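Atoms within each ligand, like the ligands themselves, are counted from 1 in listed order. All values reported here derive from a predicted model rather than from experimental measurement.
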Amino acid sequence: MRVYCRECGDRGRITKTNRLSPDYTELYCQCNDAECGHTWVGGFGYRHTLNPSAKTTTQMAFQLVKALPPGAQKDLLRELEGAR
Ligand SMILES: [Zn+2]
């Protein structure tokens with residue numbers, strides 16, 4: 001990940017990270033230009049999902065199937081086997 005100094009435009013480097021939550025991390029940054037010397041804190045965070053995790057969708061499918069009445073579970077199994 002690249003960071004840039006807002007004061008001089010030079011590239012900076014991340015010297016330390018502080019994970020505040022599963023969705024947000026603070027980034028301690030330092031300008032690469034020794035004559036500038038700017039240090040700052042930026043952030044990196046989760047915004048939204050584009051494609052759900054396969055782990056999540058499989059778990060959701062199992063929970064949905066478990067919630068079905070027994071008759072509907074059998075119908076679903078029959079349909080799935082017919083689709084093969
Ligand atoms: Zn700078």
Side-chain angles (χ1 to χ4, degrees):
M1 181 180 187
R2 289 192 178 163
V3 293
Y4 292 90
C5 176
R6 72 192 307 268
E7 301 302 317
C8 74
D10 204 345
R11 276 179 64 177
R13 64 189 181 97
I14 298 164
T15 57
K16 187 180 125 186
T17 60
N18 185 18
R19 193 173 185 217
L20 295 179
S21 77
D23 290 343
Y24 188 74
T25 301
E26 279 182 340
L27 308 172
Y28 287 76
C29 307
Q30 185 174 46
C31 182
N32 281 344
D33 183 343
E35 287 179 22
C36 173
H38 183 216
T39 59
W40 70 97
V41 180
F44 181 78
Y46 167 84
R47 290 283 285 271
H48 55 85
T49 298
L50 294 175
N51 186 40
S53 162
K55 292 179 180 180
T56 309
T57 49
T58 302
Q59 208 173 19
M60 277 169 58
F62 275 121
Q63 284 168 353
L64 287 169
V65 171
K66 273 193 222 165
L68 290 172
Q73 288 181 6
K74 281 183 187 163
D75 290 346
L76 181 65
L77 280 173
R78 232 175 278 126
E79 257 184 70
L80 289 172
E81 299 217 339
R84 282 184 190 168

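For the Zn ion (ligand 1), protein N, O or S atoms closer than 2.8 Å were enumerated as C5 SG, C8 SG, C31 SG, C36 SG, with waters left out.
For CZ of F44, the number of neighbouring non-hydrogen atoms (other residues, nucleotides, ligands) closer than 6.0 Å is 12 at most. Taking a 6.0 Å sphere around OH of Y46, one finds it holds more than 12 heavy atoms contributed by other residues, nucleotides or ligands.
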Output side-chain donor-acceptor pairs under 3.5 Å for residues 2-16, partner residues at least two apart or in another chain, one line each.
unit_1 : atom_1 : unit_2 : atom_2 : d
R13    : NH2    : Q30    : OE1    : 2.8
T15    : OG1    : Y28    : O      : 3.1

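S53 places a side-chain N or O within 3.5 Å of a backbone atom of K55 that can act as its donor or acceptor partner. A distance-only check finds a donor-acceptor pair linking the side chain of S21 to the backbone of Y24 [under 3.5 Å]. The backbone N or O of A54 sits less than 3.5 Å from a side-chain atom of T58, completing a donor-acceptor pair.
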